[in-house]
Amino acid sequence: MRVLVVGAGVMGRGIAGLCALSGHETLVFDADPDAQRHVRPSIEASWARALERGKIGAEAIEAGRRRLRIVERLRDGADVDFVLEAVPEALDLKRLVFGELDDHCPDRTILASNTSSLSITRIGRATGRRDRVVGIHFFNPVAAMPLVEVVRGSETSSETVERALELVASLGKEAVRVNDSPGFATSRLGLALGLEAMRMVEEGVARPEDIDKAMELGYGHRMGPLKTSDLVGLDVRLAIAETLAAELSGERFAPPAILKKLVAEGKIGKKSGEGFYRWDGDEARPSASSASNRTRA
Ligand code: NAD
């Protein structure tokens with residue numbers, strides 16, 4: 001298959017790297033020229049790490065390299081079977097990008113969004129092909145996480161869902177099917193836990209590292225809710241919380257002050273080097289600043 005990945009940040013690069021390794025001709029577009037320049041080196045560096053760990057072979061990397069192409073303009077990458085969009089989590093931006101894709105892509109192209117929480121139906125309504133718009137929601141880090149949520153908007157056709165499931169299977173991932181609803185299955189449940197953990201840090205109930213350890217060792221979670229939030233990006237978590245707070249009503253998803261404060265300070269987790277933890281590569285160390293935010297309730 002031929003795919004175009006739009007938006008080459010944390011997720012887009014992971015998705016593009018996976019598609020190219022899985023045998024798909026993969027085009028990548030990012031609106032930021034700086035990001036465009038970094039896509040290939042960043043994907044190749046992640047492949048090199050996977051090679052060192054014995055996860056992939058040198059021939060697979062060589063083939064992946066040949067299948068990967070960075071395009072400078074969206075329309076240069078439009079002649080594809082699938083678009084996988086991974087621009088920032090903002091409805092207006094996604095609708096703008098989907099409108100543009102609809103103008104440039106041929107009729108056969110299915111437009112998929114990696115949104116974690118926004119309405120697939122509303123994104124689809126920015127296009128003249130609402131039946132061929134679907135959610136294909138990957139998890140971070142894309143190469144390692146086995147799950148993909150396939151989200152059916154109210155106007156998505158059964159054929160589009162089937163094609164999305166086929167694409168997901170071709171990437172070696174497991175799909176769950178979810179109907180369009182704020183936060184789908186995963187973001188809604190994951191965020192409920194993450195926000196409560198943040199409120200517990202605010203209230204001085206326990207340190208971030210102890211809250212995470214409690215869920216890891218006590219409940220068998222692979223990673224605690226605060227480390228997960230740092231990995232996802234606190235900016236992304238805040239955007240999702242705001243969407244869910246507006247759409248699911250009530251206080252459940254209102255973003256805690258500590259989350260807003262860390263984002264305002266640019267401490268957005270692993271990608272900025274600090275969030276609830278200090279990050280050194282893949283390693284998380286306790287952070288002084290989230291400790292200083294602790295107040296006794
Ligand atoms: P990011 O900020 O790391 O990357 C977004 C990229 O999109 C940037 O490189 C930016 O330059 C580019 N961009 C912005 N406007 C664009 C446009 N008009 N056209 C093309 N490129 C544009 O964001 P991310 O963390 O990769 O998240 C992307 C999407 O994936 C969001 O919808 C997010 O909710 C979702 N998601 C994120 C995670 C996560 O853990 N970060 C997990 C699952 C899903």
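Counting starts at 1 for both ligands and their atoms, following the listed order.
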> Is it true that R199 and E203 make a salt bridge, defined as a side-chain N closer than 4.0 Å to a carboxylate O?
Replying inline: no
> Which residues satisfy the ring pair (Phe, Tyr, Trp, His ring centres under 6.0 Å) test with F139, sequence neighbours excluded?
Replying inline: H137
>> Go through it in stages, so that I can follow the logic: the residues are T115 and E89, the test is side-chain hydrogen bond (donor to acceptor under 3.5 Å, both in side chains), and I'd like the CA-CA distance, side-chain angles, deciding distance and then a yes or no.
In response: CA-CA 6 Å; T115 177; E89 187 77 346; 2.9 Å; yes
> When clusters are formed from ILVMFWY side-chain contacts under 4.5 Å, directly or step by step, what else is grouped with L217?
Replying inline: none
> Rest of the hydrophobic cluster containing M215 (Ile/Leu/Val/Met/Phe/Trp/Tyr, side-chain heavy atoms under 4.5 Å)?
Replying inline: L193, Y219
For ligand 1, run through the N/O pairs with the protein that fall under 3.5 Å and put one pair on each line.
residue: ligand 1; atom: 3 (O); partner: V10; partner atom: N; Å: 3.1
residue: ligand 1; atom: 9 (O); partner: D30; partner atom: OD2; Å: 2.6
residue: ligand 1; atom: 11 (O); partner: D30; partner atom: OD1; Å: 2.7
residue: ligand 1; atom: 11 (O); partner: D30; partner atom: OD2; Å: 3.4
residue: ligand 1; atom: 21 (N); partner: A31; partner atom: N; Å: 3.2
residue: ligand 1; atom: 26 (O); partner: V10; partner atom: N; Å: 3.3
residue: ligand 1; atom: 26 (O); partner: M11; partner atom: N; Å: 2.9
residue: ligand 1; atom: 30 (O); partner: N114; partner atom: ND2; Å: 2.9
residue: ligand 1; atom: 32 (O); partner: V87; partner atom: O; Å: 3.4
residue: ligand 1; atom: 32 (O); partner: E89; partner atom: OE1; Å: 2.5
residue: ligand 1; atom: 32 (O); partner: K94; partner atom: NZ; Å: 2.6
residue: ligand 1; atom: 34 (O); partner: E89; partner atom: OE1; Å: 2.9
residue: ligand 1; atom: 34 (O); partner: S116; partner atom: OG; Å: 2.7
residue: ligand 1; atom: 36 (N); partner: S116; partner atom: OG; Å: 3.2
residue: ligand 1; atom: 40 (O); partner: N140; partner atom: ND2; Å: 3.1
residue: ligand 1; atom: 40 (O); partner: V232; partner atom: O; Å: 3.4
residue: ligand 1; atom: 41 (N); partner: V232; partner atom: O; Å: 2.8

> Quick one: do the T26 and R2 side chains pair a donor with an acceptor below 3.5 Å?
Replying inline: no
